[in-house]
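Below: the structure, in structure tokens.
Just so we're on the same page: letters track the sequence lines, and every chain starts at 1.
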Amino acid sequence: MAVITYRDALRQAIAEEMRRDPAVWILGQNIAAYGGTYAVTKGLYEEFGAERVRDTPIAEAGIIGLATGSAMGGTRPIAEIMSINFTLVAIDQIVNHAAKMRYMFGGQWSVPMVIRTSAGYGMLAATHSQTFENWYAYVPGLKVVMPATPYDAKGMLKAAIRDSDPVMFIEHSNLYGQKGEVPEEDYVLPLDRADIKRAGEHLTLVCWSSMVKPSLAVAETLAGEGISVEVIDMRALRPLDTAAVIASVKKTNRCVIAEEGWRTLGIGAEIAARVSEEAFDWLDAPVGRVGGKEVPMPYAKNLEKLCVPSEFDILAACRAAL
Amino acid sequence: MAVITYRDALRQAIAEEMRRDPAVWILGQNIAAYGGTYAVTKGLYEEFGAERVRDTPIAEAGIIGLATGSAMGGTRPIAEIMSINFTLVAIDQIVNHAAKMRYMFGGQWSVPMVIRTSAGYGMLAATHSQTFENWYAYVPGLKVVMPATPYDAKGMLKAAIRDSDPVMFIEHSNLYGQKGEVPEEDYVLPLDRADIKRAGEHLTLVCWSSMVKPSLAVAETLAGEGISVEVIDMRALRPLDTAAVIASVKKTNRCVIAEEGWRTLGIGAEIAARVSEEAFDWLDAPVGRVGGKEVPMPYAKNLEKLCVPSEFDILAACRAAL
Amino acid sequence: MNRETRRAFYRQMLLIRLFEEKCAELYAGAQIGGFLHLYIGQEAVAVGAIQALTPEDDVVTHYRDHGHALARGLEAGPLMAELCGRETGVCKGRGGSMHLADASRRMWGGYAIVGGHLPVAVGLAHAHQYRKSGGVTMSFFGDASTDIGEFHEAMNFAQLWRLPSVFICENNLYGMGVPIAMNSSVQQIVDKARAYGMPSERVDGMDVEAVEEVVAAAVRHARAGNGPFFIEAMTYRFRGHSMADPELYRDKAEVEEWKRRDPLQTYRARLLKSKVLTSASAEALEQEVLAEVEAAARFALESPFPDPATLFDDIYTP
Amino acid sequence: MNRETRRAFYRQMLLIRLFEEKCAELYAGAQIGGFLHLYIGQEAVAVGAIQALTPEDDVVTHYRDHGHALARGLEAGPLMAELCGRETGVCKGRGGSMHLADASRRMWGGYAIVGGHLPVAVGLAHAHQYRKSGGVTMSFFGDASTDIGEFHEAMNFAQLWRLPSVFICENNLYGMGVPIAMNSSVQQIVDKARAYGMPSERVDGMDVEAVEEVVAAAVRHARAGNGPFFIEAMTYRFRGHSMADPELYRDKAEVEEWKRRDPLQTYRARLLKSKVLTSASAEALEQEVLAEVEAAARFALESPFPDPATLFDDIYTP
Ligand SMILES: Cc1ncc(C[n+]2csc(CCOP(=O)(O)OP(=O)(O)O)c2C)c(N)n1
Ligand SMILES: Cc1ncc(C[n+]2csc(CCOP(=O)(O)OP(=O)(O)O)c2C)c(N)n1
Ligand SMILES: [Mg+2]
Ligand SMILES: [Mg+2]
């Protein structure tokens, strides 16, 4: 298997699907000649041309609405929204249009569309450092995924492109440069399954996206102390594969959830509530939740560092749960 | 005390505050001569004139942004958004502007603004029947309240108007006609406190807004069977007064949460997670959650009825928790 | 224009009128729920405009959509069943009055978020361009919908990408209870099209033939690959914004003035005068349409409500 | 225009230029983080425009905001400290480069959601109208920001309510790497103002005196209660969109062409020619400003980082 970056894995997925199916096209800001803000779409314009790799104005609601309508009309758009923070100006289109189309009209048509966007932070301050995966995961009619590795990114993006319903595909700016093994041959991954990234016996550590790496590091640290941690990467957030978590907790009897976003009302709240309900008799300790500090993200590096959950925070929560 | 409707209580609150403080004004669609979609602002235009009761175009982002800027410039706007479903086109202004202003600029100014809006349903179908209080309650920088009675509505709206920060004040279309006692004299209520609507010993039933009435009915039913239910109306959703719930659960050892919106990732998830964590050793049963069925709301009355949690659903959840 | 088309225009407008009068009745009887927005007074716009389309073209509209659905050839029975929330409705009772659609006729729905359907409509036009299908997408919306951002984003995309999109603004002078003078800084909506360099034209929306003529030219323009076209049809709704509207904001005289220009009655008179209709044939037609509407109502009311077991169907594609 | 004003114009433009060159250096040295958008090349716009304001007026701008902040009289030291994320920064290090503000100077910030600050700016103008304060609100934004819905909603509100709002579009021909021809269906942004019936004018944004003249008239118009005014200043950024920009999309010749019109160098030459400056006085000024910038950088780098104990301050008003 080739070792490639998350960025390259995404690009391969898009390029392969565009080669496979002429209905697939991509639109977004600065994705064509510029190559994409995070360079994911680099080279696609050169290969596929201006009709299939299309720069748009700064008009995110227009972008999503256009992609939705075009999908209804027979194409398969991939809409890139530079940052998940900018999806707020398009959320009406995502939630009240794309996500409602099929049900509200009695199942007459589908909206085969992927919305690719990016979470992340990095001294970008309050309006550019949020993650709203919990909001999108609230919405029936959407599928929401947030892969953490190049392998998952490629397999899930290909699956998302082939899927018949709108998929929020949320990347992370910290991950683009991360490397991992990716098979050369065509493969797809399910959009509704968590993945056990490391098996363990004593504690279930739940994470996704940017939190997978520090969670694995914590598992490694605790392994050195003879504590075996099962690290579950949710990957899919709607549907939310809590069955995998509950099965694990029934074995480990302990659970900690690590989330980059604000703790209150994050995905972790739902997971904790379900685990506490469905594994009530198996839990030996309260479910621990680690989340972002509940402030609008400050710019200053030292403050920002305090806000984002660290390996240390996760480790502390695990110790508290043990 | 006078017995008045929720609608009249709101109108009194606005009128009294406008009489008290000339900086207070109100803007929104059809609020002036028309009197408001739900007739809350009826008569205000006649009393206060066109400068202080101002009809706007259909441009919700513009409305919220304008109110935000005007608040920065020294006025105290009350922005009415006809339906919480329409706040989606303004959510960037609410979340990335109004809510961020104070912190992001280092505490230099405040945004004393109230956003009044309405949740509800009634054969309005998928895009007009949602409640997003959980989304707004996720956001540091916002205060979010959702009163259920005329007394709470008036006292909390007056407090919200006097508050220095942006408050999402979420009404409910089913409540406007409901009556209750309201004092004649000036009063305000806290924006951060749950309220015990009925005291009890055997089970804590948590609810807010439209769910308070059926919850009280369930408590009454169970009282007939010798089961004493404590009904807690959250009222305030950010900050979320879970301390009140946890104190109650430490007494009753059982908890059920009733929520109109979709269950997954609703406010109930956060409450359940906190109760399960902080009252872990007191809980005799898993926290029960009742929520809306996870579908885009169908129009047909018989289907809609299945989607919204009923008294019967709440009763069943309480029985399961006992 | 041939006699058959003119007769068909009259028939369609009449069908819309009688259908909606029936709707009002069923709403009063609580068979229809939610918000009900009647199109009465505006019939000439939908009928004249949609006439210009082929079955491969698209229609997208807002919540005031009964007229567009009927003009697009959706049958009265399944439409009324939809309004009554029945399984036999065009959307199986899931959509209701504001969301009438029929994919087989490329009638992609009524939408109830003001302006929100316009980027979607532009996207359908994009699909025509992408697939080189030769089709055109027609969208309908009100005057007060041109103040919201999504309208403007859609306009820019359509002109920038030269999409085959025909925009039809039905200017009935009000958005709910607020007159256009209090909503918009310009009083001619066509001025907004000019800001995008989009060709545009104003037309008398009470005259079905005038509408047809102007829209047909717009559709030709779009179909020929020249990009979008914008039409402002001046019209008026004879009823309230929705059934809940107390209607305190309009001058009686203004309403009466417009009612004298009733697109249905004036057209009837015109067809009688030009002998396309006779009194007898007009009355026969009216009886026929009335019977059609009555049959539609019966069909609706005799239809079953959706099966609760199907509640969770159709959220995702199987 | 008197000699003092002209000298001040030059000094301000120079301050912005040297300040930003220092920023680039500190960014390379990782003292400044996040996105850094330089204003180099556009200095004449901020300097000429803000000159037309009184202290009671407002300034609101986007993320490319260093020039506006300096032109509004914010001190270089606290600005540089903000960029370096220090407690002594104008926003106590919470905002960073994209969010420079000083309420005491009615500089209400840089904002980083494209177009999002424009409804806010219009709201500040509303407060002037409501309070009858006689103040005016000036907002800055780029060419590519005029395609998003919030821009249009703001424009309509401003003209409809006749708010004292002066809009200044800095048309530097690109939005990130995309030229205006691929973003906007019209190539003159002033055309968009016309669609709102808003008076507008295009001006050479490389000429500080031309900008001042046109903007001063616009401010008079707004202050007199005639409603908003829209200005399109034609300009160019000499650097990339942000420090991360590989800048592969612009023609070298185009960049060189514009650099010949450098607002700072051309103005320097003009002032030398008209004897407002001599070589000696120009150099002295340049040394003085350089020293100011160096002092600002020292101030910034010697300032403490924010105290972690204050992390939760200022979310709500105490
Ligand atoms: C975003 C949004 N805001 C507000 C509403 C409520 N609303 C529904 S229709 C309407 C008036 C629209 O007027 P216009 O576009 O002129 O169409 P008309 O009803 O006159 O046909 C309003 C305010 C809505 N549905 N969506
Ligand atoms: C809503 C939104 N979409 C996208 C972006 C990313 N973005 C930041 S600046 C920019 C280009 C803006 O160009 P223009 O308005 O012309 O201003 P300039 O940078 O040229 O000064 C883009 C796309 C954003 N900040 N906000
Ligand atoms: Mg109208
Ligand atoms: Mg630009």
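- Closest approach of C:Gly85 to B:Ala300, counting heavy atoms only: O-CB, 3.4 Å.
- Contact annotation: the side chain of B:Cys307 approaches that of C:Leu311 to within less than 4.5 Å [non-hydrogen atoms, C-beta and beyond].
- Using a 4.5 Å cut-off between heavy atoms, C:Val178 contacts chain B through both its backbone and its side chain.
- In this structure, the portion of B:Asn302 lying under 4.5 Å from any heavy atom of chain C is its side chain and not its backbone.
- In terms of modelled atom types and a separation under 3.5 Å, the side chain of C:Asp147 and the main chain of B:Ile58 share no donor-acceptor contact.
- Each of B:Gln29, B:Lys301, B:Lys293 has some count of heavy-atom pairs under 4.5 Å with chain C, and the biggest count is that of B:Lys293.
- Looking at heavy atoms from C-beta onward, B:His128 lies in side-chain contact with C:Ile113 at the 4.5 angstrom threshold.
- Contact of C:Tyr249 with chain B is made through the side chain alone, with heavy-atom distances under 4.5 Å.
- Other residues, nucleotides and ligands contribute only 12 or fewer heavy atoms inside 6.0 Å of the OH atom of B:Tyr45.
- With a 6.0 Å radius and a threshold of 12 heavy atoms from other residues, nucleotides or ligands, C:Glu75 has its CD atom at or below the threshold.
- Closest of all the heavy-atom pairs between C:Met182 and B:Asp55 is CE-CB, 4.2 Å.
- Here the closest heavy-atom approach between residue B:Glu294 and residue C:Ile315 is recorded as O-CD1, 3.5 Å.
- C:Phe35 CZ to B:Met123 CE: the interatomic distance, rounded to the nearest 0.5 Å, is 12.5 Å.
- Interface residue B:Tyr34: only side-chain heavy atoms are found under 4.5 Å from chain C.
- Closest approach of C:Glu82 and B:Tyr299 over heavy atoms only: O-CE2, 3.3 Å.
- Heavy atoms of B:Thr56 lying under 4.5 Å from chain C belong exclusively to its backbone.
- In this structure, chain B has heavy atoms under 4.5 Å from both the backbone and the side chain of C:Ile32.
- The number of heavy atoms from other shown groups lying within 6.0 Å of CZ (B:Phe312) does not exceed 12.
- Of all heavy-atom pairs between B:Leu303 and C:Arg94, the closest is CD1-CZ, 3.7 Å.
- When heavy atoms are compared at a cutoff of 4.5 Å, C:Asp307 approaches chain B solely by way of its backbone atoms N, CA, C and O.
- Using a 4.5 Å cut-off between heavy atoms, C:Met176 contacts chain B through both its backbone and its side chain.
- C:Gly177 approaches B:Asn30 most closely through the heavy-atom pair N-OD1, 2.7 Å.
- Contacts of C:Glu247 with chain B are absent, with no heavy-atom separation under 4.5 Å from either backbone or side chain.
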